[in-house]
There are 2 protein chains.
Amino acid sequence: MHDRGEVAEITKRKILQIVKDLNYQPNLLASTLASKKPYLFATLFPAPPSSDGYWNKPAIGVKKRIQELNQFGVDIQPFTFNQAEPKSFIENAEKILSINPEGIVFAPFFKKESESFIEQLKERNIPFVFIDSEIKLAGQLGYVGQNSYQSGMVSGKLLDLILPEGNILVMHFAKEMDNQNHLVQREKGFYNWFKKNKQTTRQLYTTEISDTSSDIWMDQIVNTIHKKNIKGIFVTNSKVYYAGRLVEKFGWDDMKVIGHDLLRENVLFLKKNLVQFLICQRPEEQGYNSINKLFKYIVQKKGIAKENYTSIDIVTKENVDFYKEF
Amino acid sequence: MHDRGEVAEITKRKILQIVKDLNYQPNLLASTLASKKPYLFATLFPAPPSSDGYWNKPAIGVKKRIQELNQFGVDIQPFTFNQAEPKSFIENAEKILSINPEGIVFAPFFKKESESFIEQLKERNIPFVFIDSEIKLAGQLGYVGQNSYQSGMVSGKLLDLILPEGNILVMHFAKEMDNQNHLVQREKGFYNWFKKNKQTTRQLYTTEISDTSSDIWMDQIVNTIHKKNIKGIFVTNSKVYYAGRLVEKFGWDDMKVIGHDLLRENVLFLKKNLVQFLICQRPEEQGYNSINKLFKYIVQKKGIAKENYTSIDIVTKENVDFYKEF
DNA sequence: TTGCATTTCGTGTTCGTACACGGAAAAAAT
DNA sequence: ATTTTTTCCGTGTACGAACACGAAATGCAA
C-alpha cells in the first residue's frame with residue numbers, strides 16, 4: 001500500500017519488505033485503468049508567425065506524444081504568447097494556472113516573467129520542464145534543448161571549412177536580443193571556435209536586424225558586405241531564408257551561408273545551393289521528449305534525467321531528406 | 001466485436017456503424033490487461049566481436065524498448081550469428097522458429113540464407129522487420145536502417161570539402177564483400193558524388209582488407225598511399241579505427257580520414273583529430289524502432305510505415321558529445 | 001409440427017490495481 | 001468494566017475489454 005498514511009508503522013515496514021522480496025512491480029496498466037484519473041498538461045510556447053514558423057514543430061511532437069498517451073488519460077492544453085510582448089506571456093501563464101494542470105512545458109523566453117511564473121508553480125507544486133532555453137537551478141524537472149554555445153562552435157567550424165577566403169558576418173534576426181539568450185550563446189561559440197582553432201586570418205563582424213517587414217534592411221547590409229569583403233554569413237536562428245533571399249537577389253554566387261533549422265524555405269535554399277549547411281535541433285523530438293518527461297515523472301512516477309541536450313545535427317543538401325520526417 | 005466470425009452479417013454492420021458514430025477507441029490498457037497474452041519477440045543480429053562492437057548498439061535499443069513494454073507482456077529472446085559463417089545464421093534461424101515467436105527483427109546479412117528463412121516465416125505467418133540492410137519486396141513488415149547510397153554521397157562531399165589536394169582511398173574492411181551489400185552501396189554513392197559534382201581532378205582508389213588479425217595488411221596499403229599520393233581515406237564501415245591506427249603509426253598529419261559509426265575507439269581518434277568526420281546512423285535508435293514496429297503492428301494492431309530510413313548524421317569533434325547518449 | 005444441429009448473441013468471470021466503506025482492534029474516556 | 005473514540009486493516013466493487021459458456025434463435029430434416 002502506498003502512502004495514504006492510515007497504516008501502522010510496523011506493518012508498513014513488513015509489507016515493504018515483502019514487496020522487496022517478491023520484487024513486486026506494480027502493473028501500470030491495471031493501475032491507471034483502475035484509478036481512472038485524468039492528467040492535464042499545458043504548454044506555453046511562442047506563437048509562430050505563420051504555419052511554417054519554427055514553433056509549430058515542437059507542438060507537433062507534443063501532439064504526437066499526447067496522442068500516444070491518451071490511453072493513459074493524458075490530455076494537453078496548449079497556450080502561446082507573443083514574442084514581442086512580455087505581457088502576453090504573463091497573461092497566458094495566468095490562464096495556465098487557472099486550469100490547474102498537473103504538469104507544464106514552457107519556453108522561459110522572458111527571464112523575469114518566467115521567474116515569477118516559476119514562483120507560482122512551486123507554490124502549487126506543479127512540475128515543469130523547460131524547452132528550447134533554460135534557466136539554471138530554477139527547480140525544473142528537466143530541460144530539453146540544444147547546447148547553444150556548442151552549436152555555435154559547430155557552425156564556426158563548418159563555415160570556416162567551406163570558405164576559401166574572405167570575412168564573415170554573423171546575423172541576428174531578432175528584436176530584443178537581451179532575452180534571446182541562446183542566440184548570444186551561439187554567437188559566442190561561433191567566435192570562440194575561431195579563437196581556439198585559427199590564428200584568425202579572417203575578420204568576424206556581427207549585425208542585428210530587428211525589422212524585416214520590408215526589404216530596407218538589405219541596403220545597409222549590402223554595404224557592409226562589400227566594404228568588409230564578406231564571403232560567409234552565419235544566421236544565428238531560423239531566419240536563414242532572409243539571408244538566402246539576399247544572396248539570391250544580388251546573385252553573389254561565391255557567398256557561403258549557414259544557419260539554423262529546417263524550415264521549408266530554408267530547405268529550399270539549401271537545395272538550391274544558396275545555403276550550404278543548416279544546423280538542426282530536431283524540434284519535434286524536443287516537444288515529444290518534453291511531454292515524455294512529464295509523463296514519466298507524473299504518471300509513471302519514475303525518476304528522469306534532468307538535462308536532455310538534443311543532438312546538433314549538421315544538415316546539408318545530401319542528407320536533408322532524412323531529417324524531414326518525424 | 002472484432003472478427004471471430006460467429007456474428008450475423010447484419011448486426012455486425014450495425015455494430016460497426018455505432019462504433020463509428022461513437023468514435024469508439026478500444027482501451028489498450030484494459031485490452032491487454034484482460035487478454036493477458038504474452039508476446040515473444042526474437043532478434044537475429046551478427047555477433048559483435050567484442051563488447052565495443054557495432055552490433056551491441058542495436059541490441060541496447062532493443063532492450064530499452066522491451067523494458068518499456070514489459071508491462072504489456074512483451075518479452076525478447078535475442079540470437080546472434082557469426083558474420084563469417086552462413087551456417088550459423090541458418091542454425092540460429094531454426095532456433096528462432098523452434099521457440100515460435102510472434103515477431104522477429106533480423107539483419108538479412110546473407111541473402112540466400114535469409115530468403116529461405118523468410119519463406120518459413122511466411123508459412124507460419126510470423127511478421128518480421130529488417131534492420132541495417134534490406135531485401136526489397138520480401139514481405140517484410142518494414143525496414144529500419146540507413147540509405148547507404150546516400151550516406152556515401154555525404155561522405156564524398158565531406159571528404160572533398162576538407163581535402164585541399166591529393167587523391168582518395170576507399171577502404172573496405174570486410175570479408176565476403178558480396179554479401180555486405182551496404183558497403184558496396186556506400187562506395188557507389190561516394191564515387192557518384194564526385195562524378196556529379198566535380199570535374200574529377202582527384203583520383204579515387206578502392207581496396208579491400210579482409211584480414212586484420214595482424215598488422216601486415218598495412219604494408220601494402222602504405223605502399224599505395226605513397227605511390228598514389230593518397231591524402232584522404234574513406235572507410236566504408238565502422239572499422240575506422242584501423243585507418244586511425246595506421247595514420248597515427250606513420251604520423252601522416254595531413255591525411256584526412258572519414259568513416260562510419262561512433263565506436264569508442266573511433267570517437268577517440270575523432271577527438272585526437274586523426275579522424276575528421278564520422279557518419280552515424282543511430283544504431284540504438286534503430287534497434288528501438290524495430291521493436292516498436294513489431295509492437296505497434298502485433299500488439300496495437302496499428303498500421304505502420306514500411307520504410308524507416310534513419311538520419312545520416314554528420315559527427316565531428318564539436319558535436320560528438322551530443323550523440324553518445326541514448 | 002417436432003426434434004436436432006447450427007448459428008448467433010448475452011452474460012459472467014477474469015486480468016491487477018484503486019478506493020470506499022465498514023468492521024475489528026486498540027486506545028482513551030467514563 | 002463499559003462505552004466512546006481513534007486507529008488500523010480486510011473486503012467489495014469498479015475500471016474496460018477478452019473470452020468461455022450457455023441460452024436463445026434460427027435452419028434443416030423428417
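In what follows, every heavy atom counts, from backbone to side chain, and hydrogens, waters and symmetry copies are set aside.
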(message) Donor-acceptor pair, distance only, cut-off 3.5 Å: does the side chain of Thr310(B) make one with the backbone of Gly145(B)?
(response) yes
(message) Can you confirm whether Lys122(A) is buried at NZ, in the sense that more than 12 heavy atoms of other residues, nucleotides or ligands lie under 6.0 Å from that atom?
(response) yes
(message) Please confirm whether the shortest side-chain N or O distance from Tyr24(A) to OP1 or OP2 of dG16(C) is below 4.0 Å.
(response) no
(request) Output, in order, the C-alpha distance, side-chain angles, deciding distance and verdict of salt bridge (Lys or Arg N to Asp or Glu O under 4.0 Å) for Arg282(A) and Asp313(B). (result) CA-CA 12 Å; Arg282(A) 306 192 176 225; Asp313(B) 294 324; 3.3 Å; yes
(message) From NZ of Lys37(B) over to C1' of dA20(D), roughly how many Å is that when rounded to an integer?
(response) 17 Å
(request) State yes or no: are the ring centers of Phe109(A) and Phe45(A) separated by less than 6.0 Å? (result) no
(message) Aromatic contact between Phe117(B) and Phe128(B), with the criterion being ring centroids under 6.0 Å apart: yes or no?
(response) no
(request) Could you list by number each residue of residues 27-36 of chain A showing a heavy-atom separation from DNA chain D of less than 4.0 Å, or answer none if no residue does? (result) Leu33(A), Ala34(A), Lys36(A)
(message) By the 4.0 Å heavy-atom rule, please label Gln25(A) as base, sugar-phosphate, or nothing.
(response) sugar-phosphate
